[in-house]
Undergrad: 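Before anything else, here's the structure in question.
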Amino acid sequence: MKFSKTLINWYSINKRDLPWRKTTNPYYIWLSEIILQQTQVKQGLPYYDAFTAKYPTVFDLANANESAVLKLWQGLGYYSRARNLHATAKHIAFDLGGKFPNTYKDLLKLKGVGDYTASAIASICFNEVTAVVDGNVYRVLSRYFGISTAINSTPGAKEFKQLAQKLIDTKQPAEFNQAIMEFGATQCKPKNPDCDTCPFNSSCIALSKNTISELPVKIKAAKAKKKHFNFLVFISEDEKTIIEQRQGKGIWQNLYQFPLIETEKATNFKSFKSLIKDHELLTNQDFELLLYNKEAVVHKLSHQHLYTHFWIIKVDKLPINGINIENVRDFPVPILIGDFIERFNF
DNA sequence: AATGCGGGGGA
DNA sequence: TCCCCAGCATT
């Protein structure tokens, strides 16, 4: 039987019941696709529910402040997705009159929408015959056809896109695209795929050659760098603290945090106390210093391992306008800070 | 072509 | 530990 027929038949029997499968409204499909970038369904699902509940239309999302959007996104990671989501909502609502682009080519112009997402929306919402290639598709095709081209290389991206485009069912592009991703997610899994019950187990090249565990081939990423973060948790007599919005390029852009001092190495109490003695936020006043966590809290990101200490600094008065400590939970913060706020319980 | 960007979960 | 996840933007 044809690859696409077998696949779509498998999908009709095995597909999960997911909320974004009950609609072809491009706003909801777009929202789900952005949330699901580099994110498992299980992790993204509650965020999809929260966003559709709070922002039922693209106009609701467009009219929100960026901080409110980031707050709802808090904990999901890759925060540029949230910033681009909000910017694109404004573009669609205010420049395009709320009308979603309806071709692969035009969708690709949107901020935060690349080849995968443009293909997903174009096929699911508008029946355009354009194949999606995500991590699932790479895995399924590399195994079934025994392809060892690195999936995270330029030749690999091109080869797999062409192959997927050749295989897609031109009469049912939406079904095909969702089927191949679902198949990769639940049957042809990264570890311990269920080959015994697989409808392709008589024709899968990797299974016949016993190379399932070697495919897909991926060029290894560089190891994460270690960094040492020291957060200054000010507490004044009138129960205020200081948080700042992160600026610039790096991690957690536009999220909030306690004032940060990054050091080359881990510091001890004594040397840190002398280090901050002349800090601008202390303005030469007396302060009481307490180290909240003796053991560093290690927060692991894809490319950085953060060794973190929270320093409690009690002062009479803040030199700038702080925020009342009971309001600290209102701001979007990285999960590292959010966990501290919960545990510390101001 | 290479790098940066989160956080959670599986083995 | 290491790998992966309905990838994208920047350099």
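Letters go in sequence order (proteins before strands), and every chain restarts at 1. Everything numeric in this text was worked out from a predicted model, so none of it was measured.
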Undergrad: Check every strand shown and say whether G44(A) touches a base, only sugar-phosphate, or nothing at a heavy-atom separation below 4.0 Å.
TA: nothing
Undergrad: Is a side-chain N or O of T88(A) found less than 3.5 angstrom from the main chain of L85(A), in a donor-acceptor match?
TA: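 No, because the side chain of T88(A) does not come within donor-acceptor range (under 3.5 Å) of the backbone of L85(A).
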Undergrad: Given atom NZ of K227(A) and atom C1' of dG6(B), what is their separation to the nearest angstrom?
TA: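 For the pair K227(A) NZ and dG6(B) C1', the rounded distance is 14 Å.
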Undergrad: Contact class for D115(A) vs. all strands (heavy atom < 4.0 Å): base, sugar-phosphate, or nothing?
TA: sugar-phosphate
Undergrad: Could you check whether Y144(A) and S203(A), counting side-chain N and O atoms only, form a donor-acceptor pair closer than 3.5 Å?
TA: yes
Undergrad: So, W20(A) versus Y48(A), ring centres under 6.0 angstrom or not?
TA: yes
Undergrad: Given dA1(B), dT11(C), dA6(C), identify the nucleotide with an atom nearest to the side chain of E33(A).
TA: dA6(C)
Undergrad: What about S302(A), does its side chain sit under 3.5 Å from the base of dG6(B) through a donor-acceptor pair?
TA: yes
Undergrad: The side chain of K191(A) is closest to which nucleotide in this list: dG10(B), dG7(C), dA6(C)?
TA: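 Out of dG10(B), dG7(C), dA6(C), the nucleotide with an atom closest to K191(A)'s side chain is dG10(B).
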Undergrad: Which is more 5' along DNA chain B, the nucleotide nearest N192(A) or the one nearest Q304(A)? Just name the residue.
TA: Q304(A)
Undergrad: Ignoring backbone atoms, test whether Q38(A) places a side-chain nitrogen or oxygen under 4.0 Å from the OP1 or OP2 oxygen of dG7(C).
TA: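 So the side chain of Q38(A) is within the cut-off, an N or O lying under 4.0 Å from OP1 or OP2 of dG7(C).
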Undergrad: Quantified in whole Å, what is the C1' atom distance between nucleotide dA6(C) and nucleotide dA11(B)?
TA: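 It comes out at 22 Å once rounded to the nearest Å.
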Undergrad: Answer with base, sugar-phosphate or nothing: what part of the nucleic acid does K42(A) contact at a heavy-atom distance below 4.0 Å?
TA: nothing
Undergrad: Looking at Q43(A) and dG7(B), is any side-chain donor or acceptor paired with a base atom of the opposite kind under 3.5 Å?
TA: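 A donor-acceptor contact between them is present.
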Undergrad: Would you please confirm or rule out a distance under 4.0 Å between OP1 or OP2 of dC3(C) and any side-chain N or O of K220(A)?
TA: yes
Undergrad: With a non-hydrogen cut-off below 4.0 angstrom, is S153(A) in contact with a base, only sugar-phosphate, or nothing?
TA: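 Nothing, no nucleic acid heavy atom in range.
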Undergrad: Write down the distance separating the P atoms in dG6(B) and dT11(C), rounded off to the nearest Å.
TA: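 15 Å, rounded to whole Å.
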Undergrad: Only one of V132(A), I124(A), I8(A) passes side chain to side chain contact (heavy atoms under 4.5 Å, CB included) with Q178(A); say which it is.
TA: I124(A)
Undergrad: Can a side-chain donor-acceptor contact be found between T39(A) and R81(A) if the only test is distance below 3.5 angstrom?
TA: yes
Undergrad: Taking everything shown except E326(A) itself, do over 12 heavy atoms lie less than 6.0 Å from its CD?
TA: yes
Undergrad: Give a yes/no on whether any side-chain N or O of K189(A) is located under 4.0 angstrom from OP1 or OP2 of dA11(B).
TA: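 No, no such contact exists.
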Undergrad: For E239(A), I'd like to know if atom CD has over 12 heavy atoms of other residues, nucleotides or ligands within 6.0 Å.
TA: no
Undergrad: Where do Y116(A) and E33(A) land on the side-chain hydrogen bond (donor to acceptor under 3.5 Å, both in side chains) test, with the steps shown first?
TA: CA-CA 9 Å; Y116(A) 163 77; E33(A) 294 299 345; 2.6 Å; yes
Undergrad: Picking from dC8(C), dA1(B), dC4(C), which would you name as closest to the side chain of P155(A)?
TA: dA1(B)
Undergrad: Check if the side chain of T39(A) and the base of dG6(B) share a donor-acceptor pair of N or O atoms closer than 3.5 Å.
TA: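 Pair found.
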Undergrad: State whether H299(A) places a side-chain N or O below 4.0 Å from either non-bridging phosphate oxygen (OP1 or OP2) of dG7(B).
TA: yes
Undergrad: Say we look at dG9(B) and dC8(C): how far apart would their C1' atoms be, to the nearest angstrom?
TA: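 It works out to 23 Å between them.
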Undergrad: Within residues 73-91 of chain A, which residues have any heavy atom lying less than 4.0 Å from an atom of DNA chain B?
TA: G75(A), L76(A), G77(A), Y78(A), Y79(A), R81(A)
Undergrad: Which dot-bracket string describes DNA chain B (Watson-Crick N1-N3 plus N6-O4 or O6-N4, or G-U N1-O2 and O6-N3, all under 3.5 Å; [ ] crossing; | other strand)?
TA: |||||.|||||
Undergrad: Is there a side-chain contact between K249(A) and the phosphate of dT11(C), meaning an N or O under 4.0 Å from OP1 or OP2?
TA: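 So the side-chain polar atoms of K249(A) do come within 4.0 Å of the phosphate oxygens OP1 or OP2 of dT11(C), strictly under.
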Undergrad: Crowded around E262(A) CD? As in, over 12 foreign heavy atoms under 6.0 Å?
TA: yes
Undergrad: Without decimals, in angstroms, what is the distance between N136(A) CG and dG7(C) P?
TA: 7 Å
Undergrad: Please classify the nucleic acid contact of V113(A) as base, sugar-phosphate, or nothing, using heavy-atom distances under 4.0 Å.
TA: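 Here V113(A) touches the backbone only, sparing every base.
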Undergrad: Counting side-chain heavy atoms from C-beta on, which of dC2(C), dG7(B), dG7(C) comes nearest to K223(A)?
TA: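 When the side chain of K223(A) is considered, dC2(C) is the closest of dC2(C), dG7(B), dG7(C).
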Undergrad: Return the nearest nucleotide to the side chain of T154(A); candidates are dG7(C), dA1(B), dG6(B).
TA: dA1(B)
Undergrad: Grab the CG-C1' distance between L215(A) and dC4(C) for me, whole Å please.
TA: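 Computing the L215(A):CG to dC4(C):C1' distance gives 15 Å.
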Undergrad: Compare side-chain N and O positions of W30(A) against OP1 and OP2 of dA6(C) and report whether any pair is under 4.0 Å apart.
TA: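 No, outside the criterion.
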Undergrad: In whole Å, what separates the C1' atom of dC5(B) from that of dC4(C)?
TA: 16 Å
Undergrad: Starting from C1' on dA2(B), measure out to CD1 on I219(A) and report it in whole angstrom.
TA: 10 Å
Undergrad: Can you work out whether R139(A) or L108(A) has the more 5'-proximal nearest nucleotide on DNA chain C?
TA: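 Whichever sits nearer the 5' end wins; that is R139(A).
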Undergrad: Indicate whether the side chain of S271(A) and that of N268(A) have a donor and an acceptor atom separated by less than 3.5 Å.
TA: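 Yes, N268(A) and S271(A) have a side-chain donor paired with an acceptor closer than 3.5 Å.
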Undergrad: How close or far is atom C1' of dC5(C) from atom CD1 of I34(A), stated in whole angstroms?
TA: 15 Å
Undergrad: Would a distance-only check, ignoring hydrogens and angles, find a side-chain to backbone donor-acceptor pair under 3.5 Å from R16(A) to T186(A)?
TA: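 Pair absent, no side-chain N/O of R16(A) close to backbone of T186(A).
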Undergrad: Under 6.0 Å from the CG atom of D95(A), do we count more than 12 heavy atoms belonging to anything else shown?
TA: yes
Undergrad: Rounded to whole Å, please give me the gap between CD in E214(A) and P in dC4(C).
TA: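 Result: 13 Å.
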Undergrad: To the nearest Å, how far apart are I35(A) CD1 and dG6(B) P?
TA: 16 Å
Undergrad: Nearest whole Å is fine: how far is dT10(C) P from Q253(A) CD?
TA: 10 Å
